[in-house]
**Student:** 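Take this structure, written in structure tokens, and hold onto it; I'll ask about it next.
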Amino acid sequence: MLEKFIAENQLEENVKILGFTDNPYPYIRHSVATVLTSLSEGFSLALVESVMLNTPILSTDVGVAAELIGKYRCGEIIPYDEKKLAAVMLRYLENYDGYKRPFHVGDEYLLSTEVAERYR
């Protein structure tokens, strides 16, 4: 269904469906932001990984999102509204200059520990 939508709307140059990847970290690290639009979420490892990789978080107010964003000043809580989400995403895209400031998480989350745990 998604591939059909992409083709029908001629989005092939802008939207790629990558499928499964063993190591998503390069994609996260080079992304402008991680967007999480869940209605419900527990402890989101994806958001912690984003913080560890200095990728801002744009998330609904679920799980650990508000805590991470508040503690590390690493993104924004977004409402359940497509137009507001689109506006925030466009602002991030327009303001991205290729540089991401580090979030300074200290040793609370260590990338080496996460990689070792995730890929053992």
Side-chain angles (χ1 to χ4, degrees):
M1 186 169 81
L2 288 174
E3 290 170 341
K4 181 179 176 185
F5 181 86
I6 292 166
E8 287 174 352
N9 292 279
Q10 296 150 358
L11 298 170
E12 296 89 352
E13 291 297 314
N14 298 307
V15 178
K16 307 269 188 258
I17 297 178
L18 301 175
F20 178 80
T21 180
D22 286 329
N23 181 8
Y25 290 162
Y27 297 102
I28 297 168
R29 180 179 297 274
H30 293 100
S31 295
V32 173
T34 295
V35 180
L36 181 83
T37 59
S38 297
L39 296 173
S40 176
E41 190 82 31
F43 183 85
S44 175
L45 187 55
L47 295 185
V48 173
E49 291 169 333
S50 293
V51 172
M52 291 185 320
L53 296 166
N54 293 310
T55 300
I57 297 168
L58 306 178
S59 177
T60 50
D61 192 6
V62 293
V64 73
E67 180 182 342
L68 288 172
I69 290 169
K71 186 171 186 175
Y72 302 115
R73 295 179 311 219
C74 60
E76 295 183 41
I77 295 295
I78 52 176
Y80 295 103
D81 179 291
E82 293 107 2
K83 290 181 182 178
K84 290 180 182 175
L85 168 61
V88 172
M89 290 172 65
L90 284 172
R91 183 167 36 86
Y92 270 72
L93 285 168
E94 290 167 354
N95 293 326
Y96 182 65
D97 63 0
Y99 172 77
K100 293 189 239 176
R101 67 172 181 79
F103 299 133
H104 303 293
V105 296
D107 61 0
E108 189 169 354
Y109 300 109
L110 295 174
L111 187 57
S112 58
T113 303
E114 171 56 29
V115 170
E117 285 295 315
R118 185 171 174 114
Y119 298 104
R120 57 180 155 138

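Just so we're clear, the structure is a prediction, and the values are computed from it rather than from any experiment. Just the heavy atoms: all of them, side chains too, but no hydrogens, waters or symmetry mates, feed the values below.
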**Student:** More than 12 foreign heavy atoms under 6.0 Å from CD of Gln10: is that the case here?
**Tutor:**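 For Gln10, atom CD is not crowded (no more than 12 foreign heavy atoms under 6.0 Å).
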**Student:** Taking only residues two or more places apart in sequence, or in another chain, which ones meet Ser38 in a side chain to side chain donor-acceptor pair (under 3.5 Å)?
**Tutor:**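 With neighbours one apart ignored, the set is Glu41.
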**Student:** Remaining members of Tyr27's ILVMFWY cluster at a side-chain heavy-atom cut-off under 4.5 Å?
**Tutor:**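 Members other than Tyr27 - counting any ILVMFWY side chain reachable under 4.5 Å - are Leu18.
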**Student:** Any chain of hydrophobic side-chain contacts (each under 4.5 Å) joining Leu93 to Val15?
**Tutor:**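 No; tracing contacts between hydrophobic side chains, which count when under 4.5 Å, never links both residues.
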**Student:** Do Met52 and Glu49 touch side chain to side chain, with heavy atoms closer than 4.5 Å?
**Tutor:**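 SC-SC contact between Met52 and Glu49 confirmed.
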**Student:** Taking side-chain contact (heavy atoms from CB on, under 4.5 Å) as the test, write out the residues that go with Phe5, two or more places apart.
**Tutor:**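 Result, side-chain contact (heavy atoms from CB on, under 4.5 Å) vs Phe5: Asn9, Leu11.
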**Student:** Looking at CG of Asn23 and CD1 of Ile28, how far apart are the two atoms once the value is rounded to the nearest 0.5 Å?
**Tutor:**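 These two atoms lie 8.5 Å from each other.
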**Student:** With sequence neighbours left out, what residues match Glu3 under salt bridge (Lys or Arg N to Asp or Glu O under 4.0 Å)?
**Tutor:**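 Glu3: no salt bridge (Lys or Arg N to Asp or Glu O under 4.0 Å) contacts found.
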**Student:** If the test is side chain to side chain contact (heavy atoms under 4.5 Å, CB included), which one of Thr37, Leu47, Leu39, Leu36 qualifies with Val62?
**Tutor:**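 Of all the options given, the one that passes is Leu36.
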**Student:** With sequence neighbours left out, write down each residue that passes side chain to side chain donor-acceptor pair (under 3.5 Å) with Thr55, or none if nothing qualifies.
**Tutor:**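 Testing Thr55 for side chain to side chain donor-acceptor pair (under 3.5 Å), a comparison that skips the adjacent residues, returns Lys100.
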**Student:** Which residue pairs pass the side chain to side chain donor-acceptor pair (under 3.5 Å) test when at least one of the two sits in residues 83-95, sequence neighbours left out?
**Tutor:**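 Found Glu76-Arg91, Glu76-Tyr92.
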**Student:** Which residues satisfy the side-chain contact (heavy atoms from CB on, under 4.5 Å) test with Ala66, sequence neighbours excluded?
**Tutor:**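 Counting only residues at least two positions away or on another chain, Ala66 forms a side-chain contact (heavy atoms from CB on, under 4.5 Å) with Asp61, Ile77.
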**Student:** Are Leu85 and Val32 grouped together when hydrophobic residues (ILVMFWY) are joined by side-chain heavy atoms under 4.5 angstrom apart?
**Tutor:**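 They do share one cluster, since a chain of ILVMFWY contacts under 4.5 Å joins Leu85 to Val32.
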**Student:** Quick one: side-chain contact (heavy atoms from CB on, under 4.5 Å) partners of Glu82, sequence neighbours excluded?
**Tutor:**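 Result, side-chain contact (heavy atoms from CB on, under 4.5 Å) vs Glu82: none returned.
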**Student:** Please find the pair of heavy atoms, one from Val51 and one from Cys74, that lie closest to each other, and give the distance.
**Tutor:**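 Minimum heavy-atom separation between Val51 and Cys74: CG2-SG, 3.7 Å.
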**Student:** Mind checking the CG-CD1 spacing from Leu58 to Ile78? Nearest 0.5 Å is all I need.
**Tutor:**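 Interatomic distance, Leu58 CG to Ile78 CD1, rounded to 0.5 Å: 6.0 Å.
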**Student:** With Thr34, which residues qualify under side chain to side chain donor-acceptor pair (under 3.5 Å), at least two apart?
**Tutor:**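 Expected list: Ser50.
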